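Everything below concerns the one structure shown next.
Keep in mind the model is a prediction, meaning the values are calculated, not measured.
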Amino acid sequence: MKQPLKILFEDDHLIVVEKPEGMLSVSTSRGRDEVTVHSLLNEYANDSRAHRGNRRNCREARVYIVHRLDRETSGIMVFAKSEQVKHLLQENWEKGVTKRGYVAVVNCSRGMVPGTKVQWVTDEDGSRGQITSWLKENSAYVVYSSAKDNGGQLAITNYNLREYNPCTKKALMELELETGRKNQIRVHMQEMGTPIYGDRKYFGENTTTLAENKKARRLYLHAYALDFIHPVTGKEMKFSTGIPRGFITEISASTVPGNLPSGRKPIGRKQSGRK
């Protein structure tokens with residue numbers, strides 16, 4: 001591969017990778033020549049096949065896109081090595097995928113103030129809860145939320161506030177998807193009054209938040225965990241990357257001891273499913 005792409009797992013049917021931020025999952029009509037995770041893996045697959053035999057006698061190897069992450073989002077993705085496995089994964093995605101875990105740094109300068117565009121269920125102190133809404137995309141490719149069924153797609157996000165820094169007004173949020181809609185987490189965090197740090201698209205109506213986000217080095221959203229049932233072997237596969245170091249740095253800077261929510265356990269699990 002021309003650019004480094006961390007491979008977490010590979011067998012005859014699947015390949016699981018960690019996508020870097022700033023890279024498209026797959027090419028678009030406007031950027032067909034741009035390097036993407038998909039193009040790098042196709043190149044890798046062909047190089048691997050050629051290495052095992054004569055290139056002339058090898059049909060072009062391909063990998064197949066199963067799901068996507070936003071360009072600005074980093075984290076775990078799974079690709080199929082055949083069209084049959086791709087269809088098996090996609091057709092059973094809701095039942096076959098048992099965990100989609102994300103971690104984000106969010107801006108809490110306004111505090112957690114849910115708007116009227118989401119339904120909100122939470123525990124007593126608000127540190128854990130569930131956000132539900134219906135999402136639609138407008139002609140400007142902006143996804144918007146409605147607390148009532150407006151004909152859009154139902155979107156459900158579970159959240160857990162892990163750490164909060166009163167000095168920087170930022171928090172480390174663990175999120176788990178029950179549905180996987182376009183821009184779901186980014187829209188839900190905006191509607192909760194805690195937009196993701198570095199998000200220049202979904203930042204709410206707070207101009208101060210936008211100014212802060214423009215200073216950010218990246219969108220602080222990472223898909224850290226993916227668990228699913230292998231479509232061929234039936235084995236449960238578990239993958240985790242832990243929290244990117246930069247996320248911890250943003251939270252820990254100028255932290256005042258004793259002011260963080262108590263009882264928060266660190267995020268991250270050992271990977272399983274390796275050969």
Side-chain angles (χ1 to χ4, degrees), residues 19-39 64-75 77 79 86-87 89-91 93-94 97 100 102 104-107 109-110 112-120 130-159 173 175-223:
K19 172 191 171 301
E21 78 275 8
M23 181 180 289
L24 284 172
S25 300
V26 65
S27 63
T28 64
S29 58
R30 291 176 292 179
R32 292 189 179 278
D33 296 330
E34 186 173 352
V35 174
T36 67
V37 179
H38 187 230
S39 68
Y64 296 81
I65 190 87
V66 175
H67 64 121
R68 305 184 188 204
L69 291 177
D70 293 343
R71 178 198 289 270
E72 301 90 347
T73 304
S74 57
M77 295 185 69
F79 290 80
K86 169 192 171 180
H87 290 313
L89 279 167
Q90 290 182 333
E91 290 168 5
W93 189 255
E94 294 301 325
V97 176
R100 285 171 283 181
Y102 288 72
V105 175
V106 299
N107 191 310
S109 57
R110 291 177 52 209
M112 192 175 289
V113 185
T116 59
K117 298 178 181 179
V118 294
Q119 297 174 16
W120 186 42
Q130 184 179 88
I131 309 160
T132 302
S133 73
W134 282 260
L135 301 181
K136 266 188 174 183
E137 187 176 32
N138 63 23
S139 58
Y141 303 108
V142 175
V143 177
Y144 63 94
S145 181
S146 172
K148 297 181 180 180
D149 188 350
N150 62 351
Q153 293 181 306
L154 177 64
I156 303 173
T157 304
N158 298 309
Y159 71 87
M173 196 81 79
L175 303 127
E176 187 169 342
L177 297 181
E178 291 196 16
T179 58
R181 312 307 184 195
K182 181 179 180 180
N183 297 162
Q184 175 175 324
I185 291 176
R186 297 168 66 182
V187 174
H188 276 174
M189 288 297 96
Q190 172 186 249
E191 297 301 337
M192 290 293 292
T194 54
I196 296 174
Y197 184 50
D199 199 333
R200 302 180 187 183
K201 186 174 183 180
Y202 300 103
F203 58 87
E205 299 176 357
N206 191 327
T207 55
T208 301
T209 299
L210 176 59
E212 292 177 1
N213 283 357
K214 287 183 176 180
K215 298 177 184 178
R217 291 176 292 179
R218 59 164 292 180
L219 175 74
Y220 282 78
L221 179 62
H222 178 78

Derivation of the side chain to side chain contact (heavy atoms under 4.5 Å, CB included) call for Arg71 and Glu34: CA-CA 12 Å; Arg71 178 198 289 270; Glu34 186 173 352; 2.6 Å; yes
Residue pairs passing the salt bridge (charged side-chain N to carboxylate O under 4.0 Å, His left out) test where at least one lies in residues 131-145, sequence neighbours excluded: Glu137-Lys182
Pairwise salt bridge (charged side-chain N to carboxylate O under 4.0 Å, His left out) hits with a residue in residues 143-154, at least two apart: none
Verdict with reasoning, Thr157 to Leu177, per side chain to side chain contact (heavy atoms under 4.5 Å, CB included): CA-CA 5 Å; Thr157 304; Leu177 297 181; 3.9 Å; yes
Is there a donor-acceptor pair closer than 3.5 Å between any side-chain N or O of [X] and the backbone N or O of [Y]?
X: Gln153; Y: Leu135; result: no
X: Asn183; Y: Val187; result: no
X: Lys19; Y: Thr73; result: yes
X: Tyr159; Y: Met189; result: no
X: Thr179; Y: Ile156; result: yes

Heavy-atom side-chain contact between [X] and [Y] under 4.5 Å:
X: His38; Y: Phe79; result: yes
X: Glu72; Y: Leu221; result: no
X: Ile131; Y: Glu191; result: no
X: Phe203; Y: Asn107; result: no
X: Tyr144; Y: Asn150; result: yes
X: Leu219; Y: Arg186; result: yes
X: Gln130; Y: Glu178; result: yes
X: Leu69; Y: Tyr102; result: yes

Quick check for you: to the nearest 0.5 Å, what is the distance between [X] atom [atom1] and [Y] atom [atom2]?
X: Arg181; Y: Leu154; atom1: CZ; atom2: CG; answer: 6.5 Å
X: Gln90; Y: Ile65; atom1: CD; atom2: CD1; answer: 9.0 Å
X: Arg100; Y: Gln184; atom1: CZ; atom2: CD; answer: 8.0 Å

Taking all atoms of both residues into account, what is the closest heavy-atom pair of [X] and [Y], and its distance?
X: Gln119; Y: Ala147; value: NE2-O, 2.7 Å
X: Ala216; Y: Gly198; value: CB-CA, 3.5 Å
X: Met23; Y: Thr36; value: SD-C, 3.8 Å
X: Tyr141; Y: Tyr202; value: O-OH, 4.2 Å

Qualifying residues under side-chain contact (heavy atoms from CB on, under 4.5 Å), relative to Ser74, sequence neighbours excluded: Glu21, Arg218, His222
